[in-house]
Amino acid sequence: MALKRRRYLISGRVQGVGYRQFACDTARLMKIAGWVRNLPTGEVEAEAQADEVTLQAYEAKLQKGPALARVQQVAIQDLPVNPSENKAFEIRR
């Protein structure tokens, strides 16, 4: 399957509720490459690279988030595939 890369901007109650760890753990379980970080605006930003089916499943998880989160919106932007991206997913500070 062809790889795709997407950027996610998640808004709502998504900081201080374990959202980054949730996004990272979920991505690792799904074998998705990329990263996640908090933004000073109170949003969470992530980039993920995998096949289309896997990214769609990941997006569904991001919409829900962990138990204490209250996701209002997940904005999605397609990006060029990064051929040098390794298979790891990390939390960035």
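All values derive from a computational prediction rather than experimental measurement.
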Exercise for the section: Could you pull out all residues at least two apart from Arg92 that satisfy salt bridge (charged side-chain N to carboxylate O under 4.0 Å, His left out)? Expected result: Glu90
Handout entry: Residue pairs passing the salt bridge (Lys or Arg N to Asp or Glu O under 4.0 Å) test where at least one lies in residues 70-79, sequence neighbours excluded
Key =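 Only Arg6-Asp78 qualify under salt bridge (Lys or Arg N to Asp or Glu O under 4.0 Å).
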Fill in the blank from the handout: Residue pairs meeting salt bridge (Lys or Arg N to Asp or Glu O under 4.0 Å), one or both in residues 9-19, sequence neighbours left out, come to none
Taking ILVMFWY side chains as joined if any heavy atoms are under 4.5 angstrom apart, and letting links pass through other members, which residues group with [X]?
X     : answer
Val44 : Tyr8, Ile10, Val14, Val17, Tyr19, Met30, Ile32, Val36, Leu55, Tyr58, Leu62, Leu68, Val71, Val74, Ile76, Phe89, Ile91
Leu9  : Leu39
Leu3  : Val81

Practice task
For Gln72, enumerate each residue passing the side-chain hydrogen bond (donor to acceptor under 3.5 Å, both in side chains) test, keeping only those at least two apart in sequence or located in another chain.
Solution key: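 So Gln72 forms no side-chain hydrogen bond (donor to acceptor under 3.5 Å, both in side chains) with any residue.
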Practice task
Go through the structure and list residues passing side-chain hydrogen bond (donor to acceptor under 3.5 Å, both in side chains) with Thr26, not counting sequence neighbours.
Solution key: none
Problem - Donor-acceptor side-chain pairing of Glu52 and Gln56 below 3.5 angstrom - result: yes
Problem - Residues that Leu79 engages under side-chain contact (heavy atoms from CB on, under 4.5 Å), provided they are two or more places apart - result: Arg5, Arg7, Glu47, Gln77
Fill in the blank from the handout: The side-chain contact (heavy atoms from CB on, under 4.5 Å) partners of Lys64 (sequence neighbours excluded) come to none
Handout entry: Point-to-point distance, once rounded to the nearest 0.5 Å, from CD of Glu43 to CZ of Arg37
Key =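 Here the rounded value is 11.5 Å.
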Handout entry: Inter- and intrachain pairs under side-chain hydrogen bond (donor to acceptor under 3.5 Å, both in side chains), touching residues 27-36, at least two apart
Key =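 Of all non-adjacent pairs touching residues 27-36, none passes side-chain hydrogen bond (donor to acceptor under 3.5 Å, both in side chains).
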